[in-house]
Amino acid sequence: MQPIMTTILAIESSCDDTSAAVLRDDCLLSNVIASQKVHEQYGGVVPELASRAHQQNIIPVVDAAIRQAGIGKEDIDAVGFTRGPGLLGSLLVGVSFAKSFATALGVPLIEVNHLQAHVLSHFIQPHPLTPLRLERGADSTGNPLPSPIGEGLGVRPQFPFICLLVSGGHTQILLLRDHFDIECLGTTIDDAAGEAIDKAAKIMDLGYPGGPVIDRLAKEGDADAFHFATPHIEGYNYSFSGIKTSFLYFLRDRLKEEPDFIERHKADLCASIQKTIVSFLLKKVERAALDHHVRQVAIAGGVSANSYLRSELQRICHKHHWQALVPPFQFCTDNAAMVGIAAYFKYQRGEFADISLPPYTRSN
Ligand code: KG4
Ligand code: ZN
């Protein structure tokens, strides 16, 4: 007899990506992401425009996810959705859609915390029988993604492990003892690492979001060309606002003497600020992994797409005989597949959401 499998439709709309995914148990069948280009001209996400774009995208994105999965609506056993944290106007679109869709199908709802979803993305498995219909995509700089389902998938993390969650809104070192037994060992006391990278890019007039551009330009630069001081912060906590300010003041002084300084040293500046931020991040992650005697170290969130962070993590893990868990690119930035895997684990535990639950904008 065939084992009973669970099919979950997942929705993500917490910021500026509208995404829907279908999972059968922990295996991914489809993951459709509509990114919103409208914010680029404003140098950051405009909440009202994000909300409107989600309204336009949500139905076509869900429709595509169901079609690409090769299932019918009647096959869906539950609807998972990101309840928070995020932008209220953005969350409301996904939350309302999920509630209406689940009600119409007569299936349970599962609420998911966006940060937990980023971390749990490491548990997503490729489906052994169904050919994956994920299309080869491109990252935000236009570079093709390495494969529809990239490297790293299929290695199931073993508890306990450490995860560095690093995005435009969050920077945390987490210790996972179980899927939902997650201890925050350290966090940023001001800006997130992605925010600092985006601000450095903005100072150099590289557009928004700047992270992928810095990553690309840094490949041609000398990471030791310039030095930026990192603050001394207790324990596993971080602070990034000082790094951003020292970058700004450094450039202000140099530009006085050399007005085209940024243009002439762009690649070196990108490589140097990237190295400063990544080294600061990983120094504390390495300490946390040693102190907690783990054998696996993961990264998650938008900044985990950074090629220098990925290779440096691998180098450090190799040195200690740890396993580096590096997510495929499509699971780094916001996506519904990660919401689906978190919803699947909650489904197994029978944790369903009431239709009256409102979205929340902050973690606590
Ligand atoms: O997780 P995410 O999509 O959204 C948030 O929840 O914030 O992360 C977005 C962040 C932005 O700061 C973006 O610049 C950064 O991830 N990012 C990168 C790269 N790709 C995205 N930062 C550095 N290198 C990259 N390749
Ligand atoms: Zn995110």
Problem set entry | L88 reachable from Y360 in the ILVMFWY side-chain graph, under 4.5 Å edges | no
Problem set entry | Aromatic plane relationship, Y236 with H292 - under 30° parallel, 30 to 60° tilted, over 60° perpendicular | tilted
Exercise. Going from CG on L282 to CD1 on I173, what distance comes out if it is rounded to the nearest 0.5 angstrom?
Worked result: 9.0 Å
For this session: For the pair K99 (side chain) and I355 (backbone), establish whether a donor and an acceptor sit closer than 3.5 Å, ignoring hydrogens and angles.
Result: yes
Exercise. Hey, are the side chains of I71 and R24 touching, using non-hydrogen atoms and a 4.5 Å cut-off?
Worked result: yes
Problem set entry | Least distance between heavy atoms, G94 atom then I11 atom | CA-CG2, 3.9 Å
For this session: Indicate the ring-plane relationship of F97 and F101, choosing parallel, tilted or perpendicular according to the 30° and 60° boundaries.
Result: parallel
Seminar exercise, completed: Nearest heavy-atom approach of A21 to A337 is CB-N, 3.5 Å
For this session: Give a yes or no answer on whether the side chain of N113 reaches the backbone of Q116 with a donor-acceptor pair at less than 3.5 Å.
Result: yes
Exercise. Got more than 12 heavy atoms from elsewhere within 6.0 Å of CD, Q41?
Worked result: yes
Problem set entry | Side-chain donor or acceptor of D291 paired with backbone N/O of A288 under 3.5 Å | no
Problem set entry | Among D190, D198, D191, the one residue meeting salt bridge (Lys or Arg N to Asp or Glu O under 4.0 Å) with K244 | D191
Exercise. Between R295 and H321, is there a donor-acceptor pair closer than 3.5 Å when you use the side chain of the first and the backbone of the second?
Worked result: yes
Problem set entry | Side chain proximity check, Q296 to P160, heavy atoms < 4.5 angstrom | no
Exercise. Just by modelled atom types, is the Y308 backbone N or O under 3.5 Å from a matching donor or acceptor in the N306 side chain?
Worked result: yes
Seminar exercise, completed: The residue among N237, L165, I182, L185 that forms side chain to side chain contact (heavy atoms under 4.5 Å, CB included) with Q172 is L165
Problem set entry | For the student: nearest non-hydrogen atoms of V95 and P359, plus distance | CG2-CB, 4.1 Å
Problem set entry | Residue pair Q56, T18: steps toward the side chain to side chain contact (heavy atoms under 4.5 Å, CB included) verdict | CA-CA 9 Å; Q56 285 175 343; T18 319; over 6 Å; no
Problem set entry | Cluster link L269 to Y208, ILVMFWY, side chain under 4.5 Å | no
Exercise. Got a second to check how far H320's NE2 is from E286's CD, nearest 0.5 Å?
Worked result: 3.5 Å
Exercise. Heavy-atom distance under 4.5 Å between the side chains of S121 and I124, does that happen here?
Worked result: yes
Exercise. Rounded to the nearest 0.5 Å, what separation is found between the OG atom of S272 and the CZ atom of F247?
Worked result: 8.5 Å
Exercise. Donor-acceptor pair, T171 side chain versus T188 backbone, under 3.5 Å?
Worked result: no
For this session: Treat each ILVMFWY residue as a node, draw an edge where side-chain heavy atoms are under 4.5 Å apart, and state whether V339 and L92 are in one component.
Result: no
Exercise. Do we see a donor-acceptor contact under 3.5 Å between the side chains of N335 and S19?
Worked result: no
Exercise. Taking the six-membered ring for Trp, are H118 and H114 parallel (under 30°), tilted (30 to 60°) or perpendicular (over 60°)?
Worked result: perpendicular
Problem set entry | Spacing of I273 atom CD1 and T276 atom OG1 [to the nearest 0.5 Å] | 5.0 Å
Exercise. When L23 is tested against each of T6, L28, T7 for side chain to side chain contact (heavy atoms under 4.5 Å, CB included), which residue passes?
Worked result: L28
Problem set entry | Test of ring centre spacing under 6.0 Å for F123 and F345 | yes
For this session: Side-chain contact test, heavy atoms from C-beta onward, threshold under 4.5 Å: evaluate it for P327 versus H122 and give yes or no.
Result: yes
Problem set entry | Atom pair CG/OG of L87 and S13 - distance to nearest 0.5 Å | 9.5 Å
For this session: Evaluate side chain to side chain contact (heavy atoms under 4.5 Å, CB included) for H265 paired with F226, printing each intermediate quantity in order.
Result: CA-CA 10 Å; H265 300 279; F226 307 110; 4.1 Å; yes
Problem set entry | Considering all heavy atoms, the nearest L309-V278 contact | CA-CG1, 3.8 Å
For this session: Taking the six-membered ring for Trp and the full ring for Phe, Tyr or His, determine whether the centres of H179 and F159 are under 6.0 Å apart.
Result: yes
Exercise. Taking all non-hydrogen atoms of both residues, which atom of R310 and which atom of C332 are closest, and how far apart?
Worked result: NH1-SG, 3.5 Å
Exercise. So, the side chain of D222 versus the backbone of D224: is there a donor-acceptor pair under 3.5 Å, distance only?
Worked result: yes
Exercise. Side-chain contact, heavy-atom cut-off 4.5 Å: E258 with D260?
Worked result: yes
Exercise. With a 4.5 Å heavy-atom cut-off, do W322 and F161 have their side chains touching?
Worked result: no
Exercise. Taking S96 for the side chain and V93 for the main chain, is one N or O donor matched with an acceptor at less than 3.5 Å?
Worked result: no
Problem set entry | F280 ring center within less than 6.0 Å of F240 ring center | yes
Exercise. Yes or no on side chain to side chain contact (heavy atoms under 4.5 Å, CB included) for L120 and V112, after CA distance, side-chain angles and deciding distance?
Worked result: CA-CA 11 Å; L120 295 175; V112 169; over 6 Å; no
Problem set entry | Minimal non-hydrogen separation, P212 against P209, with atom names | CD-O, 3.5 Å
Exercise. Below 4.5 Å, heavy atoms only, C-beta onward: do E351 and E111 meet side chain to side chain?
Worked result: no
Problem set entry | D25 (side chain) donor-acceptor with M5 (main chain) under 3.5 angstrom | no
Exercise. Same cluster or not: are L9 and L357 linked, directly or through other Ile, Leu, Val, Met, Phe, Trp or Tyr residues, by side-chain heavy atoms under 4.5 angstrom apart?
Worked result: no
Exercise. CD of E12 to CD1 of I33: how many Å apart, nearest 0.5 Å?
Worked result: 9.5 Å
Problem set entry | Criterion side chain to side chain contact (heavy atoms under 4.5 Å, CB included) against V285, the qualifying member of I316, V297, I299 | V297
For this session: Flag the pair I110 / F352 as yes when at least one side-chain heavy-atom distance between them is below 4.5 Å, and no otherwise.
Result: yes
Exercise. Any donor-acceptor pair under 3.5 Å linking the side chain of H54 with the backbone of S14?
Worked result: no
Problem set entry | Chi angles and distances behind the side chain to side chain contact (heavy atoms under 4.5 Å, CB included) call for R254, I262 | CA-CA 9 Å; R254 292 298 178 102; I262 294 179; over 6 Å; no
